[in-house]
Amino acid sequence: MNNEMLGIILAGGQGTRLGKLTKDTAKPAVPFGGRYRIIDFTLSNCANSGVNTVGVITQYQPLELNAHIGNGASWGLDDLNGGVTVLQPYSSTEGEKFFEGTAHAIYQNIEYIDQQNPKYLLVLSGDHIYKMDYDAMLAYHKAKKASLTVGVIPVTKQEARRFGMMNTDETDRIIEFEEKPEHPKSDKASMGIYIFNWPTLRDYLVKSYATDKSLEDFGKNVIPSYLAHNESVYAYAFKGYWRDVGTIQSLWQANMEFLSPHNRLNIGDRNWRIYSKAQVLPPMFLTDTSQVNNSMIVDSCYVAGEVDHSILSQRVSVGMGSRVVDSMVMPGATIGKNVVVDHALIGEEAVIGDDAIVQGTPTEIAVVGYNEVVGVQQP
Amino acid sequence: MKRGSVSAIINLVEPWEALEPLTTSRPVGTLPFGGRYRLLDFPLSSVINAGIQNVMVTTPRSGRSVADHLRSGRDWNLDTIRGGLFTYPYNDLKLVSPEKKATLIHHYYDNTILFLKRSHSEYSVVMSTRNVGNIDLKALIRYHEERDNPVTTVYKSVDPQTLTPANTILQLTDKGMATAVVPAGKAKLKATTKKAAKNMDIYLMSTVDLIDSLQEANRRGDLISLEELMKQAVIQHNANAFEYTGFYANIHDLASYYMANMAILNEDNFRALFYSSRRIYTKVKNEIPTFFAQGSQFRASLCGTGGYIEGQVDHSVIFRNVLINRGSQIKDAVIMQGTRIGAGTKIENVVIDKNVVIGPNLVLKGRPEQPLVISKGQHIFQQAEVVSSD
C-alpha cells in the first residue's frame with residue numbers, strides 16, 4: 001500500500017439520542033446543512049488530508065449510508081491506489097463480526113486493516129461537523145514519536161462533564177484520562193480522533209481478545225491501558241470549529257450556526273471543500289409569492305411560502321402561505337399550504353399537510369421523523 | 001431495447017454567428033442554459049434516457065469547453081465498458097485552414113464512418129443542440145420501426161408567426177410524410193395556416209444506410225455538414241415525420257436564447273422540461289447551498305447553488321455561484337456562473353456571461369427583443385463602459 005496512514009471511520013453507532021431521526025438510518029447518514037450528510041465532513045477531511053484509503057465501519061441500519069458513499073467517487077476517493085471500503089459485520093468460523101465498543105470494532109476488522117498494512121491507523125467518528133487536516137496531526141504524531149495521539153478540543157468546565165478529559169504534562173503528553181469528570185483538571189476533551197502506531201495497537205487488541213477481552217472501547221479501556229503500560233500518548237490540540245451533533249438539540253444548533261455567514265466552519269473555503277454525493281437535480285425555483293430571508297436553499301427546492309432563518313435540503317417544497325422559521329428541513333420533505341414550522345427538524349420525505357403546525361421552542365426542538373405524515377386527513 | 005442497438009451523433013457544428021458574443025469562445029452546444037445546464041445536456045440526456053451508450057460528439061474547433069464539460073462522460077453514465085463517449089474535433093470548415101481543408105476531401109466523413117462501424121448498432125440518431133427539449137427517443141425508434149421510409153425526422157408544431165426566416169420547417173404531405181426541409185422564409189405557407197412543422201434537426205435512420213450515404217459523400221468529395229446531408233436524405237427518400245409535443249425552444253440568435261431562458265420561468269414549462277420521467281443530466285459540481293440574506297427578495301426565478309443573494313431578483317435565471325449585492329435590482333435577466341453584481345446596480349433585459357464583475361450603482365438595460373449582452377469575464381465599473389443594446 002502506498003499510503004502510510006489508513007483511515008477508519010466508525011459509523012456503526014445507533015445514535016439513539018437523535019430519536020426518530022435515526023430510527024431507520026445510521027447517525028452519520030443524517031442530513032446536515034442543506035446538501036450534506038454528517039459523514040461528508042469526515043470523508044472530505046480524509047480526502048483533503050491525502051488519506052486516500054478509508055474503511056467505513058458500519059453496523060446499525062447501513063443501507064442509506066452505503067448508498068450515499070457508493071464507490072467514493074464523489075469525494076475523489078475512487079483512487080487507483082486506495083478508495084473507500086464499507087465494512088459490514090460478517091460471519092466467519094470464529095463467529096459473527098458484530099461489535100460492541102469502538103476498539104472492538106477495530107478488532108473485528110483486523111483482516112481488512114492487515115490487508116492494507118498501514119504504519120499508522122487514523123480512527124475517526126462519523127458524527128462530527130468540522131474541518132481538520134489529519135496530515136498535520138500525523139506530522140505531530142511523528143514529531144512526538146508517539147504511540148498514540150489523541151485529538152483534543154478545549155471545552156468549558158461545564159461541558160467537560162460530558163467528555164473524556166485528557167490531563168497532560170507541559171509537553172502535551174497525556175498522563176491521565178478521566179471519563180466525564182465532575183471536577184475536570186484540564187480543558188482538553190477527546191474528540192474521538194486517534195492516530196495509533198498500528199503494530200502496537202494490533203498487539204494490544206490481539207492479546208486482549210485472546211484473554212480477558214477487556215479492550216472494548218478506546219476511551220474507557222484502550223487509553224487507560226496504554227497509560228498504565230507507559231506508552232507515549234500525546235494530545236493534539238485542535239483549534240478550529242468542531243461540533244458533536246449527537247443530540248437533537250446539538251444537531252439543530254449546529255445547523256443554525258451553519259446558516260451564519262460568519263460561521264467559523266467557513267463552508268465556502270475552496271481550499272478545504274466539503275464534498276457530498278453528487279446528485280443532478282434541477283435548480284431551485286422560487287415563485288412570486290416566496291419570501292426568503294437569512295436562509296440556505298439548494299437544488300430542486302420549490303418555495304412559494306416564507307422561509308426565515310432556515311435550511312432547506314434538496315427536493316423540499318414549501319407551499320403558499322406557509323412559514324418555515326428557525327428550522328432545518330431534510331431532503332424530499334413536502335410542506336403544504338398555510339403550514340407553520342418553527343424551531344423544528346423535519347425528517348427526509350416527511351409530509352406536513354395543509355394548515356398543520358409543527359411548533360418547537362429554542363430548548364425543545366420539534367422533530368418530524370423520516371416519512372412521517374403530519375396533519376393530513378386520512379380519507 | 002437491446003444494449004448497443006442504437007448509436008447517437010450529437011452534432012455541435014451549428015450556426016453560431018447570430019449568438020455572438022456568447023459563442024465567441026464556445027460552440028452553441030456549451031451555451032449555459034436554465035441555471036445549471038449546457039444546451040448539449042438536453043440531447044445528451046435524451047440519448048442516455050433511451051439507454052443509448054454509443055455517443056459521438058462532433059465539435060467545431062478544438063472543443064475545450066466541450067471536453068471540460070463532458071470529461072469521461074461519467075456524469076451521464078457514459079464511462080461504460082462497452083461503447084461510451086467519443087468526441088471528434090475540427091469539423092467546422094469555416095474554421096479550418098485551406099491546407100487542412102484540402103486534406104479532408106474524400107476523408108471528411110472518415111471519423112463518423114469509423115464510429116458508426118465500430119458501434120455495431122442497428123439504428124443511428126443524429127441530433128443538434130440548438131433545439132431544447134426532452135424527447136423520448138425510444139418512442140421515436142418505435143415510430144420509425146412501424147413505418148416504411150428509411151429516415152425519420154422530428155418536428156414541433158408551432159404558430160408560423162413565431163418563425164424567423166432562418167428557422168427550418170418540414171414540408172409535410174397530407175399523410176404526414178416529410179418531403180423536404182426548407183427555410184421558413186422560402187416555404188410557401190398559406191396565410192391561413194395556423195401550424196407549421198418546425199424542424200427539430202433530429203434524424204433517425206439505419207446505421208447501414210447512414211454509413212452508405214457517408215461513404216457516397218466521401219466518394220463525391222463532399223465537404224458539407226452532416227446536417228445538410230441529412231436534409232438531402234429527406235428530399236431523396238421522403239421521411240417519416242414524428243411530432244414532438246413537449247416543451248420546446250429553438251435557439252438561433254440572442255433574442256431566442258434569452259426568450260428560451262425566460263420561457264422556463266413559467267412553472268408549467270419548467271416542470272415539463274425538468275420533472276418528467278426523463279431526467280436532465282449535467283456535469284455535477286460540489287457547490288455550497290445558496291444563501292439568501294436578510295432583506296433579499298428573490299421571486300419568480302431560478303437559482304443554482306453556491307449563490308449569495310442580498311439584493312432583489314425578479315423573473316430571472318441565476319446560475320451557480322452568483323453574488324448579488326445589497327440594493328441591486330435584477331429583472332428579466334440571465335446571469336451566468338461566477339458573476340458578481342455590485343450594490344445598487346439595476347439590471348433589466350440583460351444576459352450576462354460567466355465570471356463578469358459589474359460594479360455598484362450602474363444601470364444595464366436592454367429590450368426583450370434585443371437583450372443587452374455582457375460577454376464573458378468583463379469587469380465593468382463605469383456607466384460609460386456599458387454599451388447600449390440600441
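By convention in this document, chain letters (A, B, ...) are assigned in the order of the sequence lines, proteins followed by strands, and residues within each chain are numbered from 1.
- Among B:Lys283, B:Lys285, B:Glu287, the residue making the largest number of heavy-atom pairs under 4.5 Å with chain A is B:Glu287.
- Atoms NE2 and CZ, from A:His309 and B:Phe292 in turn, are 15.0 Å apart once rounded to the nearest 0.5 Å.
- For a residue to count as touching a neighbouring chain, one of its non-hydrogen atoms must lie under 4.5 Å from one of that chain's; by this rule A:Ser313 does not touch chain B.
- Environment of CZ in B:Arg340: sparse, with no more than 12 heavy atoms of neighbouring residues, nucleotides or ligands closer than 6.0 Å.
- Rounding to the nearest 0.5 angstrom, the gap separating the OH atom in B:Tyr275 from the CZ atom in A:Arg315 is 9.5 Å.
- By the neighbour-count criterion of 12 heavy atoms within 6.0 Å, atom CE of A:Met256 is densely surrounded, having more than that number from other residues, nucleotides or ligands.
- B:Ser301 OG to A:Phe285 CZ: the interatomic distance, rounded to the nearest 0.5 Å, is 8.0 Å.
- Heavy atoms of B:Ile288 lying under 4.5 Å from chain A belong to its backbone as well as its side chain.
- Taking each heavy atom of B:Phe298 and A:Leu286 in turn, the nearest pair found is CD2-CD2, 3.5 Å.
- Ranked by heavy-atom pairs under 4.5 Å with chain B, the list A:Cys301, A:Ser295, A:Ser290 is led by A:Ser295.
- Contact count versus chain A (heavy atoms, under 4.5 Å) is highest, among B:Ile309, B:Asp314, B:Val313, B:Thr290, for B:Thr290.
- Of the two parts of B:Asp41, neither the backbone nor the side chain holds a non-hydrogen atom closer than 4.5 Å to a non-hydrogen atom of chain A.
- With a 4.5 Å cut-off on non-hydrogen atoms, A:Ile311 does not touch chain B at all.
- Most heavy-atom pairs under 4.5 Å with chain B: of the set A:Met296, A:Arg35, A:Arg273, this distinction falls to A:Arg35.
- Across all non-hydrogen atoms, the minimal contact from A:Pro283 to B:Gly34 is CG-O, 3.2 Å.
- The two atoms that bring B:Gly304 and A:Met284 nearest to each other are O-CE, 3.6 Å, heavy atoms only.
- Of the residues considered (A:Ile274, A:Asp299, A:Ile267), A:Asp299 shows the highest number of contacts with chain B, using heavy-atom pairs under 4.5 Å.
- Between B:Ser296 and A:Asn293 the shortest heavy-atom distance is N-OD1, 3.5 Å.
- Looking only at heavy-atom pairs under 4.5 Å with chain A, the residue among B:Asn286, B:Val284, B:Leu265 that has the most is B:Asn286.
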| said: Checking B:Phe291 against A:Asn294 for the side chain to side chain contact (heavy atoms under 4.5 Å, CB included) test, could you report, in this order, the C-alpha distance in whole Å, the side-chain angles of both residues, the deciding distance, and whether it holds? | reply: CA-CA 7 Å; B:Phe291 183 75; A:Asn294 248 324; 3.5 Å; yes
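- Residue B:Arg74 comes nearest to A:Asp78 through the heavy atom pair NH1-OD2, 3.1 Å, listed as atom of the first residue, atom of the second, then distance.
- The candidate with the highest count of non-hydrogen atom pairs below 4.5 Å against chain B, out of A:Val298, A:Val292, A:Ile297, is A:Ile297.
- Only the side chain of B:Phe270 comes within contact range of chain A, with at least one heavy atom under 4.5 Å from a heavy atom of that chain.
- With chain B as the partner, the residue from A:Gly34, A:Ser74, A:Ser300, A:Ala304 showing the most heavy-atom pairs under 4.5 Å is A:Ser300.
- Heavy atoms of A:Ala73 lying under 4.5 Å from chain B belong to its backbone as well as its side chain.
- Interface remark: A:Gln314 contributes no atoms to any contact with chain B (heavy atom separation under 4.5 Å).
- The minimum heavy-atom distance between A:Leu281 and B:Arg36, with the atom names listed, is O-NH1, 2.7 Å.
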